Engineer: 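What follows is a single structure, and I will ask about it in a moment.
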Amino acid sequence: MKVVIFGLGYVGFTAACCIASQGHEVVGVDVSRRKVDEINAGKTPIVEPQVADMLAEGLAQGRISARTEIGDALDGATLAIVCVGTPSATDGGHNMGYVADVTRQIAQALKGAGQGAPLTVAYRSTFRPGTCEGLVQPIFASILGPDAPVEIVYNPEFLREGSAVKDYFEPPKIVIGTADGRSSAAMEALHEGIEAQVFHVGFREAEITKFVDNTWHAVKVAFANEIGRTCLALGVSASQVHKIFVSDTKLNISPYYTRPGGAFGGSCLPKDVRALAHIGADTGANLPLVDSLLRSNEAHKHRLFEYAVEGLAPGARVLMAGLAFKAGTDDLRESPNVDLARKLLTAGFRLEIFDPAIRADMLVGANLGYAYSQLPELEQLLVTKDHAEAGGYDRVIVNNATAKALDLTGAEIRDLGSLR
Ligand SMILES: NC(=O)c1ccc[n+]([C@@H]2O[C@H](COP(=O)([O-])OP(=O)(O)OC[C@H]3O[C@@H](n4cnc5c(N)ncnc54)[C@H](O)[C@@H]3O)[C@@H](O)[C@H]2O)c1
């Protein structure tokens, strides 16, 4: 198949590499000239295991190309996949501007090309249930008429940054949302050889899937951390309580995200929880639990800050190991560790940061904007492994598995990933 991918960020670029590796021809379209130039030159715009080799192979075999303009990209294409961002809007809902913009571009390109073979347009961006029917379909109908030769699909993405390629080929499930809840030939071809339970559902069930998953993860983290803070306040061992809790596999099921420790963060959970809270208010569904998740998380971030600097005076020299919300990714958007760094600087600590996935000069797009708006001094704060291991810190704050790369013998450590 020829597959055209709109949005070459963490989701779209990973999909481009994986789909090309399956033997399809992939054309990527992104408004960022820098990302497009980097991809065509063989440089990956994101830090993610395996993608660099896959890009090199895709380029060598002539299966991957990137461009900033749609032009004739859709000529001969079977499938378009939309992976543009849906960041938080000022009201807490998702900003749908990029999805609308790309949908208009696709419709206009199809109109210009005349009546060709039908194109499947699959949306992977996370957005509110009702969007395919209330935003996407009307845009196609207004430009191409009611019989537009377009099959719209909603296909949520379940990859996790840091293991995105593995997750792409081994997804926990595949959800295909269509107008009539039936299968889509193009999506079946795309998922050929990928083993996972497949759900064929209507648009709305498919659209809400990511909200349910992400909010559930946030609920678990917030719950575990509230129990952890209670344990700390009562002088009870949080780690022992956790061990007892997860030993019950009849009712407490999965141990994931139940250990008291870090706050939740990253480019998806906070913004999707915020968007669900907005939907709750907007529809009158009334969601007090969801409404309180971000406040609970903020309370936890504050408690972690207090714990991290306990016994230290301002001016103390502090190393933070890990800046991204998890090890192995350079995505800094809504990382709780970025908040922590800002709090440490504001409180007057002499901060240095070790995170080998972050290269200040390599950040690009929304990630670059977020990083520098929160930490304008980022470039000066980052230190090398040798520098970090030279020691002399009053405290080392361990934020994520990044610290495993360091020899921290003799250091005064506070591990925020696991409350004891
Ligand atoms: N990052 C994840 O782990 C993850 C996982 C599942 C779902 N999602 C969802 O997938 C979507 C994309 O997330 P992401 O992290 O890849 O975002 P991202 O910000 O990394 O990438 C989005 C890309 O879209 C591009 N773009 C914006 N407008 C465009 C246009 N008109 N034409 C072409 N390109 C355009 C941007 O330049 C950017 O490169 C979001 O809705 C997100 O919620 C993300």
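Worth knowing before you read on, the calculation uses all heavy atoms, side chains too, and leaves out hydrogens, waters and symmetry mates. Since the model is a prediction, treat every value here as computed from it, not as a measurement. In listed order, ligands and their atoms are each counted from 1.
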Engineer: For ligand 1, which atoms, with element, lie under 4.0 Å from some heavy atom of Gln105?
Structural biologist: 31 (N)

Engineer: From atom 31 (N) of ligand 1, work out which of Asp101, Thr14, Thr68, Ile106 has a heavy atom at the shortest distance.
Structural biologist: Asp101

Engineer: Which option out of Gly12, Gly7, Pro156 puts a heavy atom nearest to atom 24 (O) of ligand 1?
Structural biologist: Gly7

Engineer: Numbering the atoms of ligand 1 from 1, which are under 4.0 Å from a heavy atom of Gly85?
Structural biologist: 22 (C), 24 (O)

Engineer: Return the CG to CD distance between Asp407 and Glu389, rounded to the nearest 0.5 Å.
Structural biologist: 5.5 Å

Engineer: Nearest 0.5 Å please: distance from the CD atom of Gln137 over to the SG atom of Cys132.
Structural biologist: 7.5 Å

Engineer: In this structure, which one of Arg274, His94, Lys271 forms a side chain to side chain donor-acceptor pair (under 3.5 Å) with Ser88?
Structural biologist: Arg274

Engineer: Given Lys35, Arg333, Arg160, Glu157, which has its nearest heavy atom closest to atom 19 (O) of ligand 1?
Structural biologist: Arg333

Engineer: Which of the atoms of ligand 1 are close to Glu161, meaning less than 4.0 Å from one of its heavy atoms?
Structural biologist: 1 (N), 2 (C), 3 (O)

Engineer: Tell me, with the steps shown, if Tyr257 and Phe223 meet ring pair (Phe, Tyr, Trp, His ring centres under 6.0 Å).
Structural biologist: CA-CA 9 Å; Tyr257 302 122; Phe223 169 79; over 10 Å; no

Engineer: Counting only heavy atoms, tell me which of Val102, Leu159, Asp213 gets closest to atom 5 (C) of ligand 1.
Structural biologist: Leu159

Engineer: To the nearest 0.5 Å, tell me how far Ser21 OG sits from Leu55 CG.
Structural biologist: 12.0 Å

Engineer: Out of Leu8, Val99, Val11, whose heavy atom is nearest to atom 16 (O) of ligand 1?
Structural biologist: Val11

Engineer: Evaluating non-hydrogen atoms only, which member of Gly162, Pro45, Cys268, Ala100 is closest to atom 4 (C) of ligand 1?
Structural biologist: Cys268

Engineer: Which atoms of ligand 1 are found less than 4.0 Å from any heavy atom of Gly9?
Structural biologist: 16 (O), 18 (P), 20 (O), 21 (O), 23 (C), 39 (O)

Engineer: How long is the straight-line distance from CZ of Phe140 back to CG of Asp147, given to the nearest 0.5 Å?
Structural biologist: 14.5 Å

Engineer: Please list, in number order, the atoms of ligand 1 under 4.0 Å from a heavy atom of Val29.
Structural biologist: 33 (C), 34 (N)

Engineer: Does Lys173 make a cation-pi contact with Phe158, if we ask for NZ or CZ under 6.0 Å from the ring centre and within 45° of the axis?
Structural biologist: yes

Engineer: If you measure from CG on Asp331 to CD on Glu48, what distance do you get to the nearest 0.5 Å?
Structural biologist: 9.5 Å

Engineer: I'd like to know whether the aromatic ring centres of Tyr154 and Phe127 sit less than 6.0 Å apart in this structure.
Structural biologist: yes

Engineer: Only heavy atoms of Tyr98, strictly under 4.0 Å: list the atoms of ligand 1 that pass.
Structural biologist: 27 (C), 28 (N)

Engineer: Specify the protein heavy atom at minimum distance from atom 11 (C) of ligand 1: its residue, its atom name, and the distance to 0.1 Å.
Structural biologist: Val84 O, 3.4 Å

Engineer: Which of the numbered atoms in ligand 1 are below 4.0 angstrom from a heavy atom of Thr86?
Structural biologist: 40 (C), 41 (O), 43 (O)

Engineer: Looking at ligand 1, is there an atom of it that comes within less than 4.0 Å of some heavy atom belonging to Lys210?
Structural biologist: yes

Engineer: Which protein heavy atom lies closest to atom 37 (O) of ligand 1, and at what distance to 0.1 Å?
Structural biologist: Asp30 OD1, 2.6 Å

Engineer: Please state which protein non-hydrogen atom is closest to atom 7 (C) of ligand 1 and give its distance, to 0.1 Å?
Structural biologist: Thr126 OG1, 3.7 Å

Engineer: Can you measure from CZ (Arg303) to CG (Leu416) and round to the nearest 0.5 angstrom?
Structural biologist: 10.5 Å

Engineer: Would you mind listing which atoms of ligand 1 come within a distance below 4.0 Å of any non-hydrogen atom of Cys83?
Structural biologist: 12 (C), 22 (C)

Engineer: Among protein heavy atoms, which sits nearest to atom 43 (O) of ligand 1, and what does the distance come to when rounded to 0.1 Å?
Structural biologist: Lys271 NZ, 2.6 Å

Engineer: Does an N or O anywhere in Ser125 fall below 3.5 Å from an N or O of ligand 1?
Structural biologist: no

Engineer: Is Gly365 near ligand 1, meaning one of its heavy atoms is under 4.0 Å from it?
Structural biologist: no

Engineer: Do Met362 and Asp330 touch side chain to side chain, with heavy atoms closer than 4.5 Å?
Structural biologist: no

Engineer: Which heavy atom of Ala20 sits nearest a heavy atom of Val26, and at what distance?
Structural biologist: N-CG2, 3.6 Å

Engineer: Heavy-atom count around Glu188 CD within 6.0 Å, excluding the residue itself: above 12?
Structural biologist: yes

